[in-house]
Amino acid sequence: MLKRTHTCGQPRLADAGKTIALNGWVNTYRDQGRGLLFVDIRDRDGLCQVVFNLEHASPELVQQAKALRREDVIGVRGILRLRSGEPNHKLATGEVELAAEELEIFNKAENPPILPDDHDAEKINEEIRLKYRYIDLRRPRMQHILRTRSKVTKLARDYFAANGFAEVETPLLIKSTPEGARDFIVPARLHQGMWYALPQSPQLFKQILMVAGFDRYIQICKCLRDEDPRADRQAEFSQIDLEMSFVEREDVMTMMGGFAHAVWHDILGYDIGEIAQMTWQEAMDRFGIDRPDLRNPLEIREITDIVAGSEFQVFQQAIEKTRAGRAGCVKAIRVPGGAEKLTRKMTDGYTEFVKQFKAGGVAVAKFTAAGFETGIAKHLDPFKDALVARLALEAGDSVLIVADHWDTATKAFGELRLKVGRDLGLVNESAWRFLWVIDFPMFDWDEDGQRWVAMHHPFTSPNPDQFHLLESEPGKCLSAGYDLVVNGSEIAGGSIRIHRMDVQEKVFKLIGLTKEDADAKFGFLLSALRHGAPPHGGIAFGLDRLLMHLVGTDNIRDVIAFPKTQSGGDLMIDAPGPIDEQQILDCGMKVTLLEKKS
RNA sequence: GGGGUGGUAGCUCAAUUGGUUAGAGUUCCGGCUUGUCACGCCGGUGGUUGCGGGUUCGAGUCCCGUCCGCCUCGCCA
């Protein structure tokens, strides 16, 4: 085998005169005629031009070189030299070329369905790219992304090892749990009729590792949730998962903040500085979402108190609504300069936009020196002074208003705020805005189930000053949870956990788990908590989403080597697929598909 | 489960109101070409219009069903 002396991106002018050898793929070939043939050879770190001077070559070499085609895998040996023609400044190796004397064709390639070219890739159907992933991954962009991913995981292991963390693997075949996402399930051959579940996270195992005295644990692990994917969500995804003993909220946040600092510093050369903090309530009130994008300057203001006396039916009806113990509300966004920037077509579109979040629509008015104009101006005029003060209105602004249930108005406006910000170009796309969101409620009221559900997960502890509310006013009890948000995207989330059995039992009871259920599902946890559980807490970093930010993509499939489609398929291996009947029988089962409801 | 959108040559796209033999660029194949680098020039191959029905003298185009990709609501403790 003709083995390389350099990778394809390495040769430089300083190496000129040396005999070197390269291994790689034929990126392009440019046949100049009887005597001259250029081949760009590509490997993981770049391109190098190879030139064949065919007049002085053996007939075998001429024949082989002439037959080279894209994606053939070759080895070339020859003398590296300064290019005779103009240098190519687009290539790191652009000043030199390899004058080929020896060529070994390791493998001829069939005419490739797609070419691993970043220039083309943007246009190619992702479906084709996923089917031929082994070609798509040859692209410099994809190589860069997956190598960045590798750098991040190495950085995580180094950083946390230096801070006393031990990497421990937790099992993939575990038990289904009632709360949370749908589990992927696996039949248990040795216990016919029983099922394993694949983990949604190593949550309980890492807590038990704390009980087991490991003090500080980390794992870079796969988590699986059988829910529908999105552009930034896959059923199978990766976490940098950690847990610490003898800590309070701030200790975990400092540790994880330090890691975020190291990542942005080492990968992007960017100093993220001090990470700001905001309570969940403030985030919801000002931004309508628990992961505010602080690059967007628009803010939401509640004006329910101001317009409470309004005759306007829309306001009246909204305020009279109640749900989940919260009164309806009227909220407003001031859009600076909106009188000119927001067209009728845009604002009509906003009404359509918020309907997908169940809101009735968006009311609009312009504000000028003379007062409110257009839209619902006459319903706002009576409250002009108070509204100007609350919203800091200036002439030329527009006001967008949503009146509805609190949760509906909050959600709709939270999403609309992002859309308006994008539409008007108010978001500085190049900025990094980090934020810790803290003081989440412990529980959400579930109208359908008529019960409390854990907002984070049921092992989250109340904040130290909140324990007295746990039973008396669970809806007001705040948790010791924390989410790390960057540019409106949640990249990490965690909490201080409950380490006392009596507290854990109370929470289980509150979310409607009977003692029998709790024992059946989580008896091992309760037992562990009885046998010397230290105060502990942890956090998990979403590795895929982290990478999306670092490499600048809004498609999670770009940062996963072999991702799945929205229907959970792998287009390369054509999964999922059928299995042999014997495999099913081995599990003591037979399969009967139910009729699809029409 | 719902909403939206797309599927035509290996790839990226076009095809007027339902109307001739479904075109173009690129890849690929052949020829030419000694300094190209998205090489260039000439010629050629290449089609189950996702799949299955239907309407029609005639369907890429209209209708019904179905599969697949993407975006999204629900969902994602």
Side-chain angles (χ1 to χ4, degrees), chain A residues 27-40 47-56 66-67 69-71 83-91 93-94 97 99 109-115 117-132 135 177-183 200-201 203-204 223-235 237 352-359 411-412 415 440 442-444 446 448 452-460 479 481 490 493 495 507 511 513 542 554-555 557 564-569 571 574 596-598:
Chain A
N27 194 66
T28 49
Y29 61 97
R30 296 179 293 278
D31 186 347
Q32 300 300 125
R34 222 162 252 120
L36 189 64
L37 172 66
F38 296 105
V39 170
D40 290 342
L47 283 180
C48 185
Q49 175 164 287
V50 177
V51 58
F52 290 86
N53 281 293
L54 299 175
E55 279 190 342
H56 307 294
K66 283 270 184 190
R69 289 297 178 269
R70 292 179 178 219
E71 301 310 308
R83 287 193 180 198
S84 306
E86 291 293 306
N88 183 349
H89 297 293
K90 289 183 217 158
L91 294 182
T93 61
E97 63 188 6
E110 257 183 41
N111 181 25
I114 59 173
L115 290 171
D117 184 330
D118 287 334
H119 186 263
D120 293 341
E122 306 299 318
K123 290 186 281 180
I124 294 176
N125 269 328
E126 201 179 4
E127 205 173 343
I128 306 288
R129 289 176 43 206
L130 291 175
K131 181 172 176 187
Y132 301 101
I135 300 176
T177 52
E179 295 283 312
R182 187 180 293 114
D183 290 314
Q200 301 177 23
S201 94
Q203 180 60 35
L204 296 178
C223 302
L224 300 114
R225 296 175 189 176
D226 190 5
E227 301 288 351
D228 291 4
R230 286 287 187 280
D232 63 348
R233 222 167 65 194
Q234 286 259 306
F237 63 101
E352 288 307 304
F353 178 77
V354 298
K355 280 181 181 168
Q356 63 178 318
F357 307 105
K358 305 289 179 281
K411 167 87 176 164
E415 298 291 340
F440 288 80
M442 282 287 286
F443 306 102
D444 250 346
D446 173 17
D448 297 337
W452 294 105
V453 292
M455 186 175 252
H456 187 48
H457 58 54
F459 318 108
T460 300
S479 82
E490 182 199 327
S495 63
V507 170
I511 62 172
L513 264 186
D554 51 12
N555 178 353
R557 294 176 298 277
K564 292 190 171 50
T565 67
Q566 288 223 344
S567 59
L571 298 179
D574 194 22
K596 233 183 180 179
K597 279 179 283 181
S598 54

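Each chain gets a letter, A, B and so on, in the order the sequences are listed, and its residues count up from 1.
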Quiz item: Can A:Arg30 and A:Asp40 be said to form a salt bridge (charged side-chain N to carboxylate O under 4.0 Å, His left out), step by step?
Solution: CA-CA 9 Å; A:Arg30 296 179 293 278; A:Asp40 290 342; 3.0 Å; yes
Self-check item: Derivation of the salt bridge (charged side-chain N to carboxylate O under 4.0 Å, His left out) call for A:Lys411 and A:Glu415
Solution: CA-CA 6 Å; A:Lys411 167 87 176 164; A:Glu415 298 291 340; 3.5 Å; yes
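Using atom P as the reference point in both B:C57 and B:U66, the two lie 28 Å apart (nearest Å). A distance of about 11 Å separates the C1' atoms of B:A14 and B:G25, rounded to the whole Å. Comparing B:C41 with B:U49, their C1' atoms are spaced 33 Å from each other, to the whole Å. Spacing between B:C28 and B:C67 at atom P, rounded to whole Å, works out to 37 Å. Here the separation of B:U45 from B:U16, taken at their P atoms, is 25 Å to the nearest Å. As rounded to the nearest Å, B:A15 and B:G6 have P atoms that lie 13 Å from one another. Annotation: B:C62 and B:G46 have their C1' atoms spaced 30 Å apart (nearest Å). Taking atom P in both B:G47 and B:C42, the straight-line distance is 25 Å, to the nearest Å.
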Practice problem: Using a 4.0 Å cut-off on protein heavy atoms (strictly under), produce a 5'-to-3' string for nucleotides 30-38 of chain B with B for base contact, S for backbone-only sugar-phosphate contact, and - for none. | Solution: S--BBBBBB
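Distance, A:Gln566 CD to B:U72 C1': 8 Å, rounded to whole Å. The interatomic distance linking A:Phe353 (CZ) with B:C73 (C1') rounds to 11 Å, in whole Å. With rounding to whole Å, A:Tyr29 atom OH is found 12 Å from B:G40 atom P. Rounded to an integer number of Å, the gap from A:Glu127 CD to B:C68 P is 10 Å. If you measure from atom CD of A:Glu352 to atom P of B:U72, you get 19 Å, rounded to the nearest angstrom. Rounded to whole angstrom, the span from the CG atom of A:Asp232 across to the P atom of B:C75 amounts to 16 Å. Rounded to an integer number of Å, the gap from CG of A:Asp444 to P of B:G74 is 13 Å. Spacing between atom CZ of A:Arg230 and atom P of B:G74 amounts to 8 Å, rounded to whole angstrom units.
In this entry B:G25 has B:C11 as its Watson-Crick or G-U wobble partner, both defining distances falling under 3.5 Å. Under the Watson-Crick and G-U wobble criteria, each requiring two contacts below 3.5 Å, nucleotide B:C70 is paired to B:G4. Across every strand in view, B:A59 sits unpaired, with no contact that passes the Watson-Crick or G-U test at under 3.5 angstrom.
The backbone N or O of A:Thr565 lies less than 3.5 Å from no partner atom in the side chain of A:Arg557, so there is not a single donor-acceptor pair. With hydrogens and angles ignored, the 3.5 Å screen pairs a side-chain donor or acceptor of A:Thr93 with a backbone N or O of A:Leu47. No donor-acceptor pair closer than 3.5 Å links the side chain of A:Glu71 to the backbone N or O of A:Asn111. In terms of modelled atom types and a separation under 3.5 Å, the side chain of A:Asn88 and the main chain of A:Lys90 share a donor-acceptor contact. In this structure, A:Arg225 contributes its side chain and A:Gln200 its backbone to a donor-acceptor pair below 3.5 Å. Listed for the A:Gln234 side chain is a donor-acceptor partner under 3.5 Å among the backbone atoms of A:Lys564.
Residue A:Ser567 is classed as a sugar-phosphate contact, given heavy-atom separations below 4.0 Å to backbone atoms only. Residue contacts shown for A:Pro458 include a base, since a base heavy atom lies under 4.0 Å away. Residue contacts for A:Tyr132: at a heavy-atom cut-off of 4.0 Å it reaches no nucleic acid atom on any strand shown. Backbone-only contact: A:Arg557 has heavy atoms under 4.0 Å from sugar-phosphate atoms and none from a base.
Take the nearest nucleotide of RNA chain B for A:Gly180 and for A:Asn555: the residue whose nucleotide is more 5' is A:Asn555. Of the two residues near RNA chain B, A:Lys411 and A:Leu571, the one whose nearest nucleotide lies more 5' is A:Leu571.
No hydrogens or angles were tested; on distance alone, a donor-acceptor pair under 3.5 Å links the side chain of A:Asp228 to the base of B:G74. Judged by atom type and distance alone, A:Arg233 reaches the base of B:C75 through a side-chain donor-acceptor pair under 3.5 Å.
Around the CZ atom of A:Arg69, the shell of radius 6.0 Å holds more than 12 heavy atoms that belong to other residues, nucleotides or ligands.
Here A:Lys358 pairs with nothing under the salt bridge (charged side-chain N to carboxylate O under 4.0 Å, His left out) rule; sequence neighbours left out.
The side chain of A:Ile128 has B:U12 as its nearest neighbour among B:C76, B:U12, B:C70. Checking B:C73, B:C75, B:C71 against every side-chain atom of A:Phe357, the shortest atom distance belongs to B:C73. For A:Asn111, taking side-chain heavy atoms from C-beta onward, the closest of the listed nucleotides B:U27, B:C75, B:C71 is B:U27.
Within the 4.0 Å cut-off from OP1 or OP2 of B:U12, at least one side-chain nitrogen or oxygen of A:Asn125 is found.
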